[in-house]
Amino acid sequence: ALESDIDSRTRALRRSEAEARLAALSPRERAVLDAVLAGKNTREIAQALFVSAKTVEFHRARIKRKLGVSTTAELFRVCLLLGAEPPAVR
């Protein structure tokens, strides 16, 4: 019971930290994140947002840094922890 309570509190703390980090994203970073979660690649995101692919990569790097992750897989994991819907399989 004690271990269960500790696990529950740890998960809640991780979730609140992730929520705070997600709230720190700029509107443009959030738009890029949403597109990444939708399964779009860098070129598709760049075209949709009318920016260069280099700018999208810059935003992706800042998003990863702000959320404290180093891979796209970790980015998905953090967003799923926060209740984001996984992208539909194309």
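By convention here, the first residue in the shown sequence is residue 1.
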(Q) Does any part of the side chain of Thr72, heavy atoms only, come nearer than 4.5 Å to the side chain of Arg60, both counted from C-beta? (A) yes
Q | 4.5 Å side-chain heavy-atom contact, Glu74 and Leu67 | A | no
Q) What's the shortest heavy-atom distance between Ala46 and Ala53, and which atoms? A) CB-N, 3.7 Å
Q. Say you draw a straight line from NZ of Lys66 to NE2 of His59; how long is it, rounded to the nearest 0.5 Å?
A. 9.5 Å
**Q.** Partners meeting salt bridge (Lys or Arg N to Asp or Glu O under 4.0 Å) with Arg62 (sequence neighbours left out)
**A.** Glu29
Q: With side-chain contact (heavy atoms from CB on, under 4.5 Å) as the test, would you mind laying out the steps for Thr71 and Lys64 before giving the verdict?
A: CA-CA 7 Å; Thr71 66; Lys64 288 178 183 177; 5.7 Å; no
Q: Flag the pair Leu49 / Arg28 as yes when at least one side-chain heavy-atom distance between them is below 4.5 Å, and no otherwise.
A: yes
Q: Enter the distance from Asn41:CG to Gln47:CD here, rounded to the nearest 0.5 Å.
A: 8.5 Å
Q.
On a heavy-atom basis, which atom in Leu33 and which in Ile63 lie closest, and how many Å separate them?
A. N-CD1, 3.8 Å
(Q) Please report the interatomic distance OG1(Thr42) to CD(Glu57), rounded to the nearest 0.5 Å. (A) 3.5 Å
